[in-house]
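These numbers come from the heavy atoms of this one structure, side chains and all, not from hydrogens, waters or symmetry mates.
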Amino acid sequence: SDVTGKVVRFLQEEGEEVEAGTPFVECEAMKMIMQLKTTEAGTIQHNLSPGSIINAGDLLATMELKDPSKVAKIEPYAGDFSVESGAANLDPMHLLELALSGYPANEIGPLVSRAL
């Protein structure tokens, strides 16, 4: 789920075969009802029951895919994580924008006076 709220009802029966793009559950968040849709075709299994409180990231249902080849296999990254540092952008306006965007700025006063 990508919402915080509660499961209102499942629109498909447990073990039912569904097609891609089919709404399978209704969730309530902030007094709004929204339907979540399947991304692939397969057989659906409910992981929660209607009335369950959900948070973003909770697993609502699982699917046994009709075409298992559609699963993207996750492989460990074998590359290099080294980060090369380039020239820093010390333009006063850029530094001020970063500070106003919430990035830490030790001394915002000098940034503001340099930007003006």
Side-chain angles (χ1 to χ4, degrees):
S1 161
D2 58 350
V3 298
T4 299
K6 76 175 185 175
V7 174
V8 176
R9 67 184 177 131
F10 282 95
L11 303 172
Q12 309 297 327
E13 295 295 322
E14 178 87 16
E16 187 173 341
E17 196 165 300
V18 295
E19 294 301 316
T22 305
F24 72 96
V25 65
E26 285 184 344
C27 297
E28 178 184 344
M30 297 174 47
K31 306 225 186 272
M32 294 182 294
I33 302 290
M34 61 191 86
Q35 295 180 343
L36 302 181
K37 298 178 181 180
T38 60
T39 55
E40 296 294 338
T43 305
I44 195 158
Q45 301 295 322
H46 305 157
N47 287 43
L48 299 174
S49 57
S52 297
I53 303 300
I54 57 173
N55 291 303
D58 285 354
L59 182 64
L60 305 182
T62 54
M63 285 189 65
E64 183 175 326
L65 297 181
K66 186 185 281 187
D67 181 4
S69 69
K70 300 244 179 179
V71 174
K73 184 177 180 185
I74 299 173
E75 296 184 17
Y77 179 71
D80 185 19
F81 285 111
S82 66
V83 176
E84 293 185 25
S85 178
N89 184 352
L90 298 177
D91 174 57
M93 283 306 290
H94 175 71
L95 296 174
L96 181 59
E97 287 173 5
L98 289 176
L100 293 174
S101 295
Y103 291 96
N106 293 339
E107 296 181 24
I108 197 163
L111 294 177
V112 172
S113 62
R114 282 176 50 196
L116 298 174

Legend entry - SG on Cys27 to NZ on Lys6, rounded to 0.5 Å: 11.0 Å
Inset, instruction - Please answer whether the main-chain N or O of Glu16 pairs with a side-chain N or O of Thr43 as donor and acceptor at a distance below 3.5 Å. - result: no
Inset, instruction - Starting at NZ of Lys70, measure out to CE of Met63 and round the result to the nearest 0.5 Å. - result: 11.0 Å
Legend entry - Single-linkage hydrophobic cluster, 4.5 Å side-chain cutoff, Leu11 and Met34 together: no
Legend entry - Glu14 (side chain) donor-acceptor with His46 (main chain) under 3.5 angstrom: yes
Inset, instruction - Output yes when a side-chain donor or acceptor of Thr22 lies under 3.5 Å from a complementary backbone atom of Thr38, and no otherwise. - result: no
Legend entry - Spacing of Thr4 atom OG1 and Ile53 atom CD1 [to the nearest 0.5 Å]: 10.0 Å
Inset, instruction - Please answer: with hydrophobic residues joined when any side-chain heavy atoms are less than 4.5 Å apart, are Val3 and Phe24 in the same cluster? - result: yes
Legend entry - Residues, nucleotides or ligands: over 12 heavy atoms within 6.0 Å of Glu64 CD: no
Inset, instruction - Can you measure from CE (Met93) to CG (Leu100) and round to the nearest 0.5 angstrom? - result: 8.5 Å
Legend entry - In one Ile/Leu/Val/Met/Phe/Trp/Tyr side-chain cluster, 4.5 Å: Leu36, Val18: yes
Legend entry - Path from Val25 to Val8 over hydrophobic side-chain contacts below 4.5 Å: no
Inset, instruction - Might you point out which heavy atoms bring Gly21 and Lys37 nearest each other, and give the distance in Å? - result: O-CD, 3.5 Å
